[in-house]
Structure formats: C-alpha cells, structure tokens
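All values reported here derive from a predicted model rather than from experimental measurement. The residues of the chain are indexed from 1 along the displayed sequence. Each ligand, and each atom within it, is numbered from 1 in the order the structure gives.
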Amino acid sequence: MRIFFTALANLLIFTALAALLIGTSLVTFAGNGPAKTHTIGKKAKPQNTEWDAYVAKYLEDAFKLNPDMALGAGNHAYDSVLVVPDISYRKNLDIFLAENRSRLASFAPIKLSATERIDRTILLKDLDQNEFNLKELKSWMWNPADYNVCGSFSEILANGRIAKKSRVQALVARMAKVPAYYSAAAININMPSAVHVKLAIAQNKGGMVVFDEIIDSLKATKPAPAQLAKATARATAAKASILKYIKYLEAIPADKTKDFRLDSALYYHKFDLYIQTGQTAGQVYKAALARKTLLHGKMYKLAAELAPKYLPETERTKIAADTLALIKAVIDKISQDHCKPEEFQDKIKAQIPELAAFVDKNNLLYQDPSKPLVVRKEPAYMAGVAGASISSPGPFEKEANTYYNVGSLAAMAPAEQESFLREYNTYTLQILNIHEAIPGHYTQLVYANRSPSLVKSIFGNGAMIEGWAVYAEQMMLENGYGNNSQELWLMYYKWNLRTVCNTILDYSIHVKNLQEQQALDLLLRQAFQTEAEAKGKWKRATLSSVQLCSYFSGFQGFLRLRQQYPALGVKAFNEKVLSYGSAPLAQIELAMKEGN
Ligand code: ZN
Ligand code: ZN
C-alpha cells in the first residue's frame with residue numbers, strides 16, 4: 001500500500017525482499033534493538049553457539065554472492081564489490097544452495113529453540129526461493145531490468161553515515177566490473193518480456209547519471225591526478241557499457257520477445273514460496289472476490305445514508321439504481337475535503353502524535369517511548385515522489401534513525417496537486433498514516449528490532465509486514481478511531497478495496513490471462529480509482545508478480561489468526577504476534593499453536 005514506487009533492480013534475486021518488494025517499498029528491515037531483547041517463549045534456551053556460528057557463515061556467504069543484499073541490510077563491507085552475473089556466478093550460487101541444504105538438514109529442529117526453528121525454516125525457504133528463481137522462474141533470462149547497477153551505486157553514494165572519501169573509493173573499485181556485468185547481462189537475455197525490455201532501457205538510462213556524480217564527489221575530495229584519471233576512465237567505460245546494453249535491448253525485434261505473464265504453475269509456486277500465510281494463491285483469490293462483494297455491500301449502505309448530505313436530490317434519483325455509481329458519487333464529494341498543497345507535509349507531521357496518543361489511550365499495544373519516529377521532508381535522492389514512506393536502517397546500522405519521509409507537492413502542476421489531494425483527502429490521509437506509521441509499518445519495525453534474530457530482520461516476510469499494516473487500519477477503526485465517522489469508514493473501505501483488487505488483478509493477469517481493458521474496468525468502476533491510478537497499477541502489475549498479493553494475503557492471515565485466539569485481548573494479541581519479528585505468518589501461527 002506504499003505509494004512510493006522505487007523499482008529495485010537487483011541482479012539475481014537473492015533475498016526474499018528483493019524479489020517480493022519490487023516496486024514497492026523503502027522498508028528495509030531494522031534489526032536487533034540494542035537494549036531489550038524479546039525472547040519468544042518463557043524459557044530462553046542457553047545460547048546455541050553452533051547454530052549462531054552457522055547463521056553468521058550463511059549470511060557472510062550470501063552477502064559475498066550478492067553484495068546488494070548486504071547493502072540492503074546496512075552492511076557496507078561489500079560496497080566495493082560488484083558481482084558479474086555470469087555462468088560462474090550461477091554455479092557458485094548452486095553450490096551455495098546445495099551446501100546449505102545439507103547443513104540445515106544437519107540441525108535437528110528439536111534441538112533448536114522456538115525462534116531458531118523459525119529461522120531455520122526461513123533459511124530453508126530462502127534456499128527454495130533462490131533455487132526457484134535460478135532454475136524455474138529464470139527471470140535472469142527474460143527480465144533485462146534485473147540488470148541495473150545504478151541503484152546500488154546511488155545508495156552507497158548517498159549514505160551519509162560513511163565518510164565521503166571511503167564511499168567514493170569503494171565506488172571507484174566497484175566501477176571496475178561494470179562493463180563485464182553488462183556483457184554478462186546481454187549474454188543471459190534470451191526471449192525477454194517486452195514490457196521489461198522497456199523498463200530496463202528507461203531505468204538504466206535514468207540511472208547512468210550516478211557515474212558523473214561519483215566523479216564530482218571524488219573531485220571534492222581533492223584526489224591525486226592519477227587517481228582522478230583512473231576513476232574518470234572507469235566511469236567513462238561504465239557509461240559506455242550501459243549505453244551498449246541499451247542499444248542491444250533496443251535492437252531486439254518484437255518477434256524475439258515474450259509476454260510478461262507467468263503461467264499458472266509458476267505463479268502458484270512463487271506464491272507459496274513468498275507469501276507463506278498457509279493459503280494457496282487460489283484460496284486467497286477466492287477470499288479476495290468474496291471480500292470485494294462484502295465491501296461493495298457495506299459501501300452501498302454507507303453511501304445511501306450519506307447521499308442526502310452530499311448529493312442533490314436530482315442526482316440521487318438519477319443514479320439510485322446503479323449502486324456502484326452512487327458509491328462513486330458520494331466518494332467523489334467526500335474526497336473534496338482535503339488540505340492545501342503547501343499544508344500536506346505539516347498535516348502528516350501533526351497527525352503522528354495524535355495516532356500514538358490514541359493507541360496509548362485505547363490500550364492497543366505497548367509503544368516504546370525511546371524510539372520516536374522522525375518525520376522528515378523527503379531527502380533529495382528520493383526525488384520528487386509525492387507521498388509518504390518509512391525508511392529504516394538495516395540490522396547492521398541499528399543505531400540509526402527511522403524516518404517517515406514525506407514528499408512535497410511543490411513540483412506538481414495545480415491539476416495534478418488537486419487530483420493527488422483528492423486521493424489523499426482528509427480521511428484517507430489518516431488511514432495512510434496508520435498504515436505507514438502508527439501502529440502500522442513503523443510500530444511493527446520497532447517490535448521487529450526487539451526480536452533478537454538477524455535472520456528475521458534480513459529475510460523479513462513481505463506478506464507479514466504489509467498484512468500487519470493493513471490489519472492495523474481496520475483494528476484502529478474498530479476500536480473507535482475517528483469516532484465511527486461514516487465518511488471515514490467509507491473511505492477506509494475504498495482504501496481496503498484497493499488491496500483486495502491488487503490481489504484479484506495480480507492473480508487474474510498471471511493465471512487467467514486478464515487483459516488491460518478488463519483490468520481497467522475492475523479498478524475504475526469496481527474499485528473507484530482514478531484513471532491515473534488504475535493505469536499505474538496495471539503497469540506495476542505487468543512488471544511484478546505475487547508481490548501485489550502480499551497486502552491482502554497478510555491481512556487475511558492476521559484476521560484468521562485473531563479468530564483462533566478469541567480469549568486474548570486486543571493488546572495481548574497484537575504484542576504477541578509482533579513479538580516474532582517479521583517472520584512469515586505460517587511460522588507465527590505454528591509457534592503460537594505450540595505455545596511459544
Ligand atoms: Zn505498506
Ligand atoms: Zn480540491
């Protein structure tokens with residue numbers, strides 16, 4: 001539900017995150033909280049040093065194979081390394097998978113603590129995911145947008161926590177392999193998906209400027225002439241190799257490209273590997289269809305009650321027979337209640353303490369007062385994407401702040417501002433803040449930080465993380481947030497319908513061959529979206545798969561879990577489910593069932 005759209009172009013999808021969070025998230029996963037630990041279960045077993053040593057080795061080897069994964073975790077030991085995605089890389093990955101499969105099999109679950117058992121399952125899933133990506137999905141052959149070095153170069157360059165001189169030195173070393181990287185990429189590509197060819201061209205073109213920025217940064221450190229000459233030559237070669245890759249992609253004839261859709265078997269398999277809520281893709285799809293019908297019913301009831309307040313009688317009678325049209329007319333009117341463009345950032349800032357106070361007053365969960373959320377205006381390198389997102393440090397930078405980045409609307413044309421503000425109107429903006437900040441993503445991250453498991457931090461499960469944020473929205477409203485305002489409920493249902501339709505859309509595209517016109521009908525008429533939003537969503541759905549299901553799958557998972565523990569109060573339930581860190585919901589369910 002993040003409105004932030006950063007396409008993470010990772011080389012070969014190594015982590016669960018990289019594959020699952022394409023195009024969605026700035027949530028990287030914060031790690032171990034320094035002071036308190038939050039052990040699962042009553043008795044913490046004595047430290048299992050053999051297991052700990054194994055996990056450390058696993059991560060070290062994984063980081064070496066995929067330095068971008070280290071970067072995402074806030075480990076900068078590999079900033080100077082770029083791995084060339086060639087055949088020897090794939091062989092090394094295959095060896096890594098086989099070795100770790102047998103190592104993991106040698107740890108009997110019974111000898112591990114509950115939290116270690118979850119970590120073991122997470123690592124096994126990581127191996128499964130990698131094996132699937134390498135040998136079944138094979139996006140390294142058909143997705144040219146998998147190859148883009150620019151994002152990681154930019155991220156390292158922008159990292160103010162390391163001295164500029166060391167950053168630039170690491171980047172100059174990292175640049176050496178860029179030409180080999182893109183040569184390997186071109187060799188790998190065979191029958192690419194046409195939409196991904198376009199994406200790869202646009203992203204690589206747009207990202208290339210980073211090499212000039214690196215040289216400018218180097219100049220600012222007053223380098224020796226020879227050092228500057230070497231770096232400049234590398235930057236020039238890097239840019240040339242990217243241009244060559246772009247030319248290569250542009251020259252691929254249409255009859256040598258394929259459709260972007262996965263087939264049903266691949267989709268179901270990917271869904272199982274990544275979502276991990278204990279339900280199949282088909283079950284979640286069916287639940288989403290049922291939820292859509294339920295929401296339409298609730299929305300119509302509210303809209304009919306609100307109609308006299310918002311619509312003139314002539315209009316009401318004209319559309320009374322068309323339930324969807326009536327809902328839309330009322331939503332359109334309510335959406336006109338919004339702030340001014342220049343107030344947007346301050347409005348969000350003012351709301352955070354209000355949400356925290358509501359959570360405390362209503363005893364919804366414990367909030368750690370030593371971890372305040374820092375609301376900031378969006379930093380320049382996130383450039384120009386309006387909206388809000390959480391960015392938090394990786395587990396290797398745990399002392400850093402968590403930020404709520406709020407974009408400015410200043411760069412938008414007036415009509416664009418108006419349309420954006422209607423979307424994020426007075427009501428929806430509150431739901432956005434609940435989702436992104438309190439008690440949504442930010443609160444969940446604070447809890448995850450207290451779970452003393454690096455594995456759960458690094459391999460955070462997307463459906464758990466998004467599902468929690470979606471669950472938190474409903475939980476707040478059910479507990480009286482907004483004083484049961486009918487307007488707020490109606491806008492909440494519209495917002496929730498978006499996550500529901502994300503699932504319907506994603507499944508239907510990949511499994512049922514849904515076409516663009518049918519997709520737009522779903523989003524525009526049945527989900528009340530604007531044309532811009534619907535078209536953007538269609539595009540995103542063509543570029544990713546399964547990820548769009550994480551919101552609704554996780555939401556359903558939390559609701560199902562809640563039903564299993566009717567005796568637990570809201571606070572006890574929330575704190576319990578959050579105590580496991582960002583573990584997959586199926587694992588949380590199992591651990592709770594076992595009484596851990
Ligand atoms: Zn989210
Ligand atoms: Zn307006």
Would you list the atom pairs, donor with acceptor, under 3.5 Å between side chains in residues 348-362 and any protein atom, with sequence neighbours excluded?
residue	atom	partner	partner atom	Å
Gln351	OE1	Asn433	ND2	2.5
Asp360	OD1	Gln367	NE2	3.1
Asn362	ND2	Phe358	O	2.9

request  = Would you please classify the geometry between the Tyr507 ring and the Tyr267 ring as parallel, tilted or perpendicular, with 30° and 60° separating the classes?
outcome  = perpendicular
inquiry  = With heavy-atom distances below 4.5 Å as the criterion, would you say the side chains of Leu561 and Phe573 are in contact?
reply    = yes
note = Among the N/O/S atoms of Glu466, the Zn ion (ligand 1) lies closest to OE1
key: Side chains of Val570 and Arg562 in contact at under 4.5 Å (non-hydrogen atoms)   = yes
Near-ring test Trp468/Tyr471, centroid separation under 6.0 angstrom = yes
query = Would you find a donor on one side and an acceptor on the other, under 3.5 Å apart, between the side chain of Lys456 and the backbone of Thr115?
reply = yes
The Zn ion (ligand 2) - number of protein N/O/S atoms closer than 2.8 Å = 3
